[in-house]
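Let me begin by presenting the structure, written as structure tokens, before commenting on it.
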Amino acid sequence: MSFKKTALRGLAIAAAGSLALTACGSDGGSSDGGNVTLKFTWWGGDERASRYEQAIDLFEDQNPGIKVQTSFAAFPDYWTQRSTDATSGELPDVFQMDASRLLEYAGSGLLLGFDDYAGNQLDTSQIDAELLSSGEANGELVAIPTGTNTLTLMYNPDLIEELGLEIPDWDYTWDEYFAFLSEVSAAGADHSPRVYGANDPTMVWWLFMQHLVQQGIEPFSETGELNFTEDDMREFIDSAASLRSPDNQIFPAERVEQLDPLGGFTNGEAVMEFHWDNFIHNYSHDLDSDNVQLMPVPSGADGQKHMFFKPTMQLSMGANTKHPEEAALLVDFLINSPEAGAIIGTDLGVPASAERLDALEIEPGSLNERVIEYQQKARDEGYMTATVPFQPEGFGAVETEYVEVLAKEFDFRQIDTDAFVQRWFSEAGNHLVR
Amino acid sequence: MSLTHEASRESANSTPARRPRNGRPPRRGAETRAGYAFLAPWLLGFITLTAGPMIASLYLSFTNFHPIRDWGWVGFDNFTRLFDDPRFMDSVQVTGLYAVVGTPIKLAAALGVAMLLNNRRRGQGTYRSLFYAPSLIGASVSIAIIWKAMFNDQGIVDEIGQFFGMKPGGWVGNPDMTLPMMILLAVWQFGAPMVIFLAGLKQIPNELYEAAEVDGAGPLRKFFRITLPMLSPVLFFNLVLETINSFQVFASAFIISGGKGGPANSTLFYTLYLYQRGFGQGQLGYAAAMAWLLVIVVGIITLIFFKTSKYWVHYGGETR
């Protein structure tokens, strides 16, 4: 073959290749021969992914013209990816949204409103009106809540029994909780591997929110002003000081790094951990035990718990979607379809859709039953007295600063309470939009 | 010798040199056009993928650019904020330590192995490939993951350490040990400078060593009086290159710390922090300012290397 021929062939291949690339670039979510491809992403672990994948398969079977391309990531990475998407105007057609980011995305016109589709492709009549309004921004419905969750103390009864201890009373206080952590730490010292009570509860952002609510403080105003002071935060962090010194009775930070991506609780080395109640599925899967039980949060100074329901993962459509109708159809399926509900269970919280909740067959003793019963019991005993704290623009960023940045340095004892508080307030000035 | 031989034969046989080979007069314009045509793909890439983004990032470094929110001009705010930021200082310290400690060790390892491999012996090619292999695969994600597993609790390094009486628990969760671990990972990838050193060693005339031996010089003396001075241009090249590289370390730190720079900021490399600020927190203006500061600092360090090089870098045929 002559040189000229080779060169021509090379050029032809290169040209074809670049054409194919451009085609990919512009064709990402559009049709090929009457078919529509939707992009759908969420945050979560393997357990949630397998549930979503099963539900999506079913959706594709029922809607032959629509293909769904899925992807997922852990919570912090997920938001990194979405903000990159937003910069390039390529948000997924449907993606999981969180109340902590909702105003930021909606305020910049990055979300497509559901108003044109509600009542057509999407049935919102099954969702409680107040819960549905949590997905509104500037009077427009831009996110559909999938369910509700609330804070809980997850515990491992088998491990507690193994240590010869008894869990605190259901109606316990913060002091009783801290005393119990000390007991576990003492009893677990000779256990192999060494067992601790829990992570440092004051390093959990949402427990700080819960603490403020118990003090009668609504953390943020609707204009993004802080309703709490440096002293409030300092006092909360110092409330666990006796657990840190002279002896460390908190699950050690070094071990957290070694176990990553598992945690102390999910590796069977800590007996309890605060989280949202729907995480029981993920935690039970990681711990490889069905025996994970739920307790309410400790009571505040007035003996009341002042707990609140939080709308869990919401579903939103990117404003750049080329197939809003199909996207709305997918949201409808994930929210309302009883079959999807059977697959997803309470992994996304207790289902928002009444129809789906009714259709959910709850096996006795199952994780689903435990979550629903826990919420019911908390409601019956009058624990749910507060509304979810308002989450202004920048809420997600200040939460990240608290749990991802400062808590890590604090857990390794590199900064003290004063430095923690001072740095959080200084960063909050950069993140919150006022 | 064969070259001059052939050249002389050609000059004897061919027509005068001025005349083009195919007999036609040269077409200057066409040649220039062809030159530009061949240059075009690179030029296009340079303008759209390098120069353009650089100018844009310089502009953005003076704004509070955010992918989602409104943004505007803030002047030098980003640059002044940097110096009040404790995590920025942490990242400078981590990166500085990594460069200052890691680079000399890596170069020493590369030179040492290059000298061992310089002597002719059986299986020489195999040895060279084996020592070079880590550099080929070293930057990959899989190696960073394996590295993490090796140095984690109950990993092989931990087991060996315990055998020698070290405290168990691995290096990964210990903020004092993660930077040494990262330096080891970098040093292990000494293949690229090693190959360059090997090439340099081959250039040193054997006569010098023979002469030194006749004068009774020992191995140490030969190394410091002949090998090092003769290698100084190569050493200079490697030093500049590796220093710049070490300021830009990202992938391994990102994988090993899960993108967080942990534990407790001990692997918060400059580029990792830049990434966190830019893409994690959406403060792209701030990140752009960090990037430009890095360009300036690396530029200054390189300049210092070049300025001081005349005192220690010797080129062949140079007279002082």
Side-chain angles (χ1 to χ4, degrees), chain A residues 11 14 18 73-74 76-89 91 101 103-111 193 252-261 267 393-394 396-398 400-401 404-415 419 422-423 426-427 429-431 433, chain B residues 37-38 41 44 60 64-71 74 77-78 81 84-87 90 148-149 151-155 158 167-178 254 256-268 273 275-287:
Chain A
L11 274 176
S18 62
D77 302 330
Y78 177 83
W79 290 110
T80 306
Q81 292 166 6
R82 292 300 78 73
S83 77
T84 317
D85 289 352
T87 322
S88 53
L91 281 168
R101 263 81 174 177
L103 293 182
E104 196 167 308
Y105 277 76
S108 312
L110 291 165
L111 305 180
E254 290 83 6
R255 192 77 189 127
V256 173
E257 294 293 330
Q258 288 162 2
L259 292 179
D260 181 68
N267 207 46
E393 235 187 291
V398 292
T400 306
E401 188 68 26
E404 295 281 331
V405 177
L406 297 172
K408 299 273 177 200
E409 294 183 37
F410 188 83
D411 284 340
F412 275 99
R413 308 282 175 262
Q414 294 194 329
I415 52 173
Q422 187 237 322
R423 279 178 56 186
S426 126
E427 280 297 326
N430 296 326
H431 293 307
V433 180
Chain B
F38 277 108
L44 206 68
L60 291 177
N64 56 355
F65 180 51
H66 188 282
I68 296 168
R69 298 205 198 130
D70 291 337
W71 53 279
V74 296
D77 273 13
N78 287 327
R81 241 177 81 201
D84 293 331
D85 179 351
R87 296 193 87 208
D90 279 353
K148 184 178 181 180
F151 283 86
N152 208 342
D153 186 32
Q154 290 162 3
D158 190 38
K167 217 179 89 187
W171 296 24
V172 172
N174 185 345
D176 298 331
M177 297 307 280
T178 37
F254 186 86
I256 287 177
S257 75
K260 296 183 192 116
N265 295 347
S266 61
T267 57
L268 188 68
Y273 186 47
Y275 173 84
Q276 279 186 2
R277 278 283 177 178
F279 297 99
Q281 306 186 337
Q283 298 178 349
L284 287 162
Y286 194 82

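Quick note on labels: first sequence line is chain A, next is B, and so on, each numbered from 1.
- Looking at A:E104, both its backbone and its side chain come within 4.5 Å of chain B, counting heavy atoms on both sides.
- Taken from CD in A:E257 to OG1 in B:T267, the straight-line distance is 8.0 Å, to the nearest 0.5 Å.
- Residue B:F151: no heavy atom, backbone or side chain, is found under 4.5 Å from chain A.
- For the set B:G259, B:P86, B:G282, the entry with the most heavy-atom pairs within less than 4.5 Å of chain A is B:P86.
- In this structure, the separation between NE2 on A:H431 and NE2 on B:H66 is 8.5 Å, given to the nearest 0.5 Å.
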| task | Begin from the C-alpha positions of A:T87 and B:F279 and carry the test side chain to side chain contact (heavy atoms under 4.5 Å, CB included) through to its verdict. | result | CA-CA 10 Å; A:T87 322; B:F279 297 99; over 6 Å; no

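- Only the side chain of A:E401 comes within contact range of chain B, judged by heavy atoms closer than 4.5 Å.
- Looking at B:Q283, only its side chain comes within 4.5 Å of chain A, counting heavy atoms on both sides.
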Which donor-acceptor pairs under 3.5 Å do side chains of residues 404-412 of chain A form with protein atoms, sequence neighbours excluded?
residue: A:E409; atom: OE1; partner: A:R423; partner atom: NH1; Å: 2.9
residue: A:E409; atom: OE2; partner: A:R423; partner atom: NH2; Å: 3.2
residue: A:E409; atom: OE2; partner: B:N265; partner atom: ND2; Å: 2.6

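- Both the backbone and the side chain of A:S83 have a heavy atom closer than 4.5 Å to some heavy atom of chain B.
- Looking at B:Y286, there are no atoms closer than 4.5 Å to chain A (heavy atoms on both sides), in backbone or side chain.
- Between chain A and the options B:S257, B:P67, B:G278, the largest number of non-hydrogen pairs under 4.5 Å is found for B:P67.
- Rounding to the nearest 0.5 angstrom, the gap separating the CG atom in A:N430 from the CD atom in B:Q281 is 9.0 Å.
- Taking CD1 from B:I256 and CG from A:D260, the interatomic distance works out to 12.5 Å, rounded to the nearest 0.5 Å.
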| Test side chain to side chain contact (heavy atoms under 4.5 Å, CB included) applied to A:E427 and B:R87, step by step | CA-CA 12 Å; A:E427 280 297 326; B:R87 296 193 87 208; over 6 Å; no

